Amino acid sequence: MLLVAAADDSGDLDLVLRASARFGATLEDLEPAEDATLVLLSEHALSFRHPLIRSATYQGAALTRRLAAHRALADALQGDPGAGQRADRRAWHLAAATTGADEEVAAEMVGVAERAGGRQGTASASAAYERAAQLTPDSAGRAQLLAAAAITSAEAGQFERTAALTDRINALALDPRMLADLARVRAIAELDRGSPGQAARILLECADRIGRCADLAPVLTEAVQTAQSSGDGQLMADVAARLPDSPQYALARAMTGPLGAAGDTVGLSQAGEGEDGFAERILAGVYGQLFADHRSALDTAAACVRDCRTQDVVGWLHTSLHLLAEAQLSLGLYEEALAAATEGLAGAGQFGRRHRETYLRATLATLAAVRGEPERCAGLSGAALEYADAHGIGLAAAHAHRALGLLGLGAGDAGGALACLEAARARVGHPALAAFLLPDLVEAAVRAGQQERAAEPVALLTRWAGAARQPAALALARRCRALTGPDGEAESHFTAALHLHGTGTVQPFERARTELLYGEWLRRERRRTDARGHLRSALEAFDGLGARPWASRARTELQACGGSVDPADESDELLGRLSPQEREVVRLAATGATNRQIATQLFLSPRTVGHHLYRAFPKLGITTRNDLPLVLGRDR
């Protein structure tokens, strides 16, 4: 009876009694063990006083007796009215009672694996697939089950186990689809234990082996993303050379080929919607982010995060949260970006996803740079760079260097910022990957008095903006041309940039930077009155975003051209009591915007806007939104 109880860890006394009855045992036979406190009994449960007692009971029994105990438990579960819920336990006991190959039991174990879900479920599914493989006599079937075990172990974050399982697979016994799945799981394991460059090469070798078939798409989709992560321009060209010339691969070609290839993909950033797999949807979101369609990237990422949660797809959650945080960061949704990146970093650490941790640290470092948190920015960037440089994650290293460069720009250290941004530029060998840091690099070079070092970045940025064909991208290109072109053309570029900022998806931080640079230029041109309006707009936007170093720059410039910042005495003091998100909502509400209009502009729900106003009113000492213009010193 003790052996049967040790073989079944459910603690179900009724099941133990029914299984033990096959050996002629009854409840009374447990009395000596209970008197010796080896086991604890209640009306429905049996438990061992210590796990080591259970282990000693089981391991001390002969193999034949252990097999008999498992068989008895399986038989007892067979006739159980609740066998539907206990089918998995019965299958495990059958497997434990089987010493050789048995196709029927193997099929039972496959059923166990297919019913599993969630993180713990994927780990259990992997174990079930592995046991099914051991019970399968056919070599091809065994290879496929081992491949399934490797895939589910990777989804559970068990990368050492994944590598061990893939080493046991006879790839010659796999069909093209399984070869593709195996290559993808080997790439996942390599991504988090080695380098993205090697992961991309694993996928390209598989693509060459299986040829052009329906199973090629997921392999090449992930090859695009791993090659991008490496930052290796030649590797991305190798991926591009293998992409079939069909609409299915339009996004992949745009992201790996020459910039001109993006021209035919307008609108395809939403191609990942609907029933596409997570890899394809994430690719579409990354395309949107790379080519300045940040709203589309936000929508795609938010949908992926939602589906990961509802479908319990834990393997893609960290990547989806990273994409979401980057899109929110681009759109000035800093509180939301902080929450998404923080959750993603915690989850990635729990699952051992060191590769994704590195990116999320760089995202958080960028947010810290914007907000003027030098110690936090340096710590996060340093940790990201240490891992990224050791594992060849060029794109993550570029983001970390860019965060340090942005920190330097905000603090007025143009020379230091330029060094960091040029280091970032050196990490990525494809123009689409470099575009996000080029506006910062141009500004740093100009401020450092080394305008000649801005020429190539401006040309590249202009080409990228032309390929992206998004107002947000074109605005950045015009701003940089204003900084580097002839003085006679600067104003037309600045005004065009501001117009473009207002016609596309709103990026409040980038628009405020354009206002600041334009205001600085106007002051140098001795047009102080014109400068003050732009500088005040920049100051208000930076204050609303909590971008303290940039607000300080704008405030200094405003004072330098005779602008008064005293209205901040009362209204800014009051606004300082609010969170950054509350400040943005209050500023818009003071203009007369409705909750729905504010929600549309800030990508929030009307209910969330109302919640922010409800919390802000007591802090401002008012009771209705009609008092907001007076408190903020504005006329509607």
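These values consider heavy atoms only, across backbone and side chains, with no hydrogens, waters or symmetry-generated copies. Along the sequence shown, residues are numbered consecutively beginning with 1. Since the structure is predicted, the reported quantities are computational estimates derived from the model, not experimental observations.
- His534 and Asp530 make their closest contact through CD2-O, 3.3 Å (heavy atoms, listed as atom of the first residue, atom of the second, distance).
- In this structure, Arg402 does not pair ionically with Glu326, as no charged nitrogen and carboxylate oxygen lie closer than 4.0 Å.
- The backbone N or O of Leu259 lies less than 3.5 Å from no partner atom in the side chain of His430, so there is not a single donor-acceptor pair.
- Asp307 places a side-chain heavy atom less than 4.5 Å from the side chain of Phe278.
- Between Asp238 and Arg201 there is no salt bridge, since no side-chain nitrogen of the basic residue lies less than 4.0 Å from a carboxylate oxygen of the acidic one.
- Pairing each heavy atom of Ser229 with each of His355, the nearest pair is OG-NE2, 2.8 Å.
- Across Asp389 and Ala397, no two heavy atoms sit closer than the pair OD1-CB, 3.8 Å.
- Phe291 and Tyr287 have tilted rings, their planes meeting at an angle from 30° to 60° on a 0 to 90° scale.
- At a threshold of 4.5 Å between non-hydrogen side-chain atoms, the residues Glu520 and Arg553 count as touching.
- Closest approach of Phe542 and Ala554 over heavy atoms only: CD1-CB, 4.2 Å.
- In this structure the side chain of His391 never reaches within 4.5 angstrom of the side chain of Arg354, judged on heavy atoms.
- Judged purely by atom type and a 3.5 angstrom limit, Arg463 has no side-chain atom pairing as donor or acceptor with the backbone of Ala459.
- Atom CD of Glu452 has more than 12 heavy atoms from other residues, nucleotides or ligands within 6.0 Å.
- Within the 4.5 Å cutoff, the side chain of Leu438 has heavy atoms near those of the Arg425 side chain.
- Listed by first and then second residue, the ring pair (Phe, Tyr, Trp, His ring centres under 6.0 Å) pairs involving residues 317-342 are His318-Phe351, His322-Tyr359 (not counting sequence neighbours).
- Arg523 places no side-chain N or O within donor-acceptor distance of the main-chain N or O of Arg526, the cut-off being under 3.5 Å.
- Side chains of Glu491 and Leu522 form a contact here, defined as non-hydrogen atoms less than 4.5 Å apart.
- Taking 4.0 Å as the cut-off between side-chain N and carboxylate O, Glu515 and Arg511 count as a salt-bridged pair.
- Remark: side-chain polar atoms of Gln328 are not paired, donor with acceptor, to backbone N or O of Ala339 under 3.5 angstrom.
- Contact of the Trp521 side chain with the Leu483 side chain is not registered, since no non-hydrogen atoms from C-beta on lie closer than 4.5 Å.
- For Arg361 and Glu357, the salt-bridge test passes: some basic side-chain N is under 4.0 Å from an acidic carboxylate O.
- Residue Leu298 holds its CG atom at 6.0 Å from CZ of Arg295, rounded to the nearest 0.5 Å.
- Residues Cys377 and Ala369 share a closest heavy-atom pair of SG-CB, 3.9 Å.
- Residues Gly332 and Leu545 come closest through the heavy atom pair O-CD2, 3.5 Å.
- A donor-acceptor contact shorter than 3.5 Å is absent between the side chain of Gln228 and the backbone of Met236.
- For the pair Gln559/Glu557, no side-chain contact is recorded, criterion being any heavy-atom separation below 4.5 Å from C-beta on.
- With hydrogens and angles disregarded, no donor-acceptor distance shorter than 3.5 Å links the side chain of Thr300 to the backbone of Ala297.
- His399 places none of its side-chain heavy atoms less than 4.5 Å from the side chain of Ser381.
- Residue Asp543 forms a side chain to side chain donor-acceptor pair (under 3.5 Å) with just one option from Arg548, Arg555, Arg587, and that option is Arg555.
- Ring-plane geometry between Tyr518 and Phe494 is classed as parallel, the angle between the planes falling under 30 degrees on a 0 to 90 degree scale with a further cut at 60.
- Comment: Glu205 does not engage Arg242 in a salt bridge, judged by the lack of any side-chain N to carboxylate O separation of less than 4.0 angstrom.
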